[in-house]
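What follows is a single structure, written as C-alpha cells, with notes after it.
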Amino acid sequence: MSRKESPEINAGSMADIAFLLLIFFLVTTTMSVDAGISKKIPQKQENPTDIDINERNILEVNINKNNELFVDGKTIELKELKQIAINFIDNGGGLDISKNSCNWCNGSKNPSSSDHPTKAIIAIKTDRLTTYETYISTLDILNSAYTHLRNKLSVKLYNQNYVSLLDAYKNSNNSDKNIQEKIKLIREKYPLLVSDIEFDN
C-alpha cells in the first residue's frame, strides 16, 4: 500500500512576500519627529561689553518647582500674564537708546515700568523641577503678547495685521521686499526680548 506524500510548501515565495511587505511598511510609515522650540541664539562676542540695564526695564517671571508663577513678587494665574506683559512692553515711560520716545505706545507711561519697547526685557526664571508644559505655556503667552502689540501697530500703519503680513510674505515665497520691510519695521518697534534663567532651590 503506497503512502501519500504531503505536498511541499515553497518557502522561497513566502520569503519574497515577507520582504515585499517589509519594504511596503518601511516606505509608507511616517515617523513623528519633535519639532522643538524655534529660538535664535545670539553669537558669542569676542569682547563682550557690559550693558547697564535699568531694573525697571526687566520684568521677571518666576516659575517655581510647583509650577506657580510669580511676577513683581505676587502670585498670578497664567491667564493674567498676557495683559501684564502687554502693559510692561507698551508702557512707553521713557526714551530708547537714541533718546527717542515711543510715539506708537499706548501704555500708561508709568515711571516705575519700562522705558521703551526696545528696552523692555522679560526674564523667565525657572526652577530645575518646573515642568516643560508650564514653561512652554508661559513662553506661548509671552509670544502672544508680542503678537497682539505687533498686530495693533500693523493695523494702525498698514490697515493689515501682523499675522496676515507674515502669511502674505510666506505666500510670496519670501520674495516680496515691500512686505519684508513692513515686517522688519514692526519687529524693530516691538522686538522680542525674552531671556531664560534657571535657578536652584
Discussion item. Take a 6.0 Å sphere around CD1 of I97 and say whether it holds more than 12 heavy atoms from other residues, nucleotides or ligands.
Written reply: no
Worksheet item: Is the shortest heavy-atom distance from the side chain of T134 to the side chain of L69 under 4.5 Å?
Response: yes
Worksheet item: Hey, is the main chain of I141 close enough, under 3.5 Å, to the side chain of S144 for a donor-acceptor pair?
Response: yes
Worksheet entry | Any donor-acceptor N/O pair, S114 side chain to F88 backbone, under 3.5 Å | yes
Worksheet item: Taking all non-hydrogen atoms of both residues, which atom of E188 and which atom of T118 are closest, and how far apart?
Response: O-CG2, 3.6 Å
Practice prompt. Could you tell me whether E55 atom CD has more than 12 heavy atoms of other residues or ligands within 6.0 Å of it?
Written response: no
Worksheet entry | Minimum side-chain heavy-atom gap L157-W104 below 4.5 Å | no
Discussion item. Treating T130 as the side-chain partner and K65 as the backbone partner, does any N or O pair qualify as donor plus acceptor under 3.5 Å?
Written reply: no
Worksheet item: Can you check whether V71 reaches L59 side chain to side chain, under 4.5 Å on heavy atoms?
Response: yes
Worksheet item: Passes side-chain contact (heavy atoms from CB on, under 4.5 Å), D115 versus L95? Steps please.
Response: CA-CA 6 Å; D115 289 330; L95 306 172; over 6 Å; no
Worksheet item: Which heavy atom of Y146 sits nearest a heavy atom of Y190, and at what distance?
Response: CD2-O, 4.1 Å
Worksheet entry | Minimum-distance pair of heavy atoms, taken over all atoms of R56 and S113 | CD-O, 3.1 Å
Worksheet entry | Single-linkage hydrophobic cluster, 4.5 Å side-chain cutoff, L21 and L26 together | no
Worksheet entry | N110 side-chain N/O to G93 backbone N/O, donor-acceptor pair under 3.5 Å | no
Worksheet item: Quick one: do I17 and I23 end up in the same hydrophobic cluster if we chain Ile, Leu, Val, Met, Phe, Trp and Tyr together by side-chain heavy atoms under 4.5 Å apart?
Response: no
Worksheet item: If every non-hydrogen atom of Y169 is compared with every non-hydrogen atom of D176, which pair is closest and at what distance?
Response: CE1-O, 3.4 Å
Discussion item. I'd like to know whether N57 forms a side-chain contact (heavy atoms from CB on, under 4.5 Å) with I121, so could you lay out the CA-CA distance, the side-chain angles of the two residues, the decisive distance to 0.1 Å, and finally the verdict.
Written reply: CA-CA 6 Å; N57 288 318; I121 299 167; 5.9 Å; no
Worksheet item: Linking I/L/V/M/F/W/Y whenever their side-chain heavy atoms sit closer than 4.5 Å, directly or via other members, would I179 and L185 fall into one cluster?
Response: yes
Fill in: Distance-minimising heavy-atom pair for H148 and I86
CD2-CD1, 3.4 Å
Worksheet item: Do you know the tightest heavy-atom contact between R150 and L192?
Response: NH2-N, 3.5 Å
Item to complete: Show your working on side-chain contact (heavy atoms from CB on, under 4.5 Å) between K184 and R187 and close with a plain yes or no.
Response: CA-CA 5 Å; K184 184 182 172 190; R187 285 180 176 170; 5.8 Å; no
Item to complete: Assess whether side-chain contact (heavy atoms from CB on, under 4.5 Å) is satisfied between L142 and I124, documenting all intermediate values.
Response: CA-CA 10 Å; L142 293 174; I124 305 174; 3.6 Å; yes
Discussion item. Among I84, L81, D72, I76, which residue satisfies the side chain to side chain contact (heavy atoms under 4.5 Å, CB included) criterion with V61?
Written reply: L81
Worksheet item: Looking only at atom types and distance, does a side-chain atom of D90 sit under 3.5 Å from a main-chain N or O of N106, one as donor and one as acceptor?
Response: yes
Worksheet item: Are any non-hydrogen side-chain atoms of L193 and I122 less than 4.5 angstrom apart?
Response: no
Fill in: Donor-acceptor contact present, side-chain N173 to main-chain S175, <3.5 Å
no
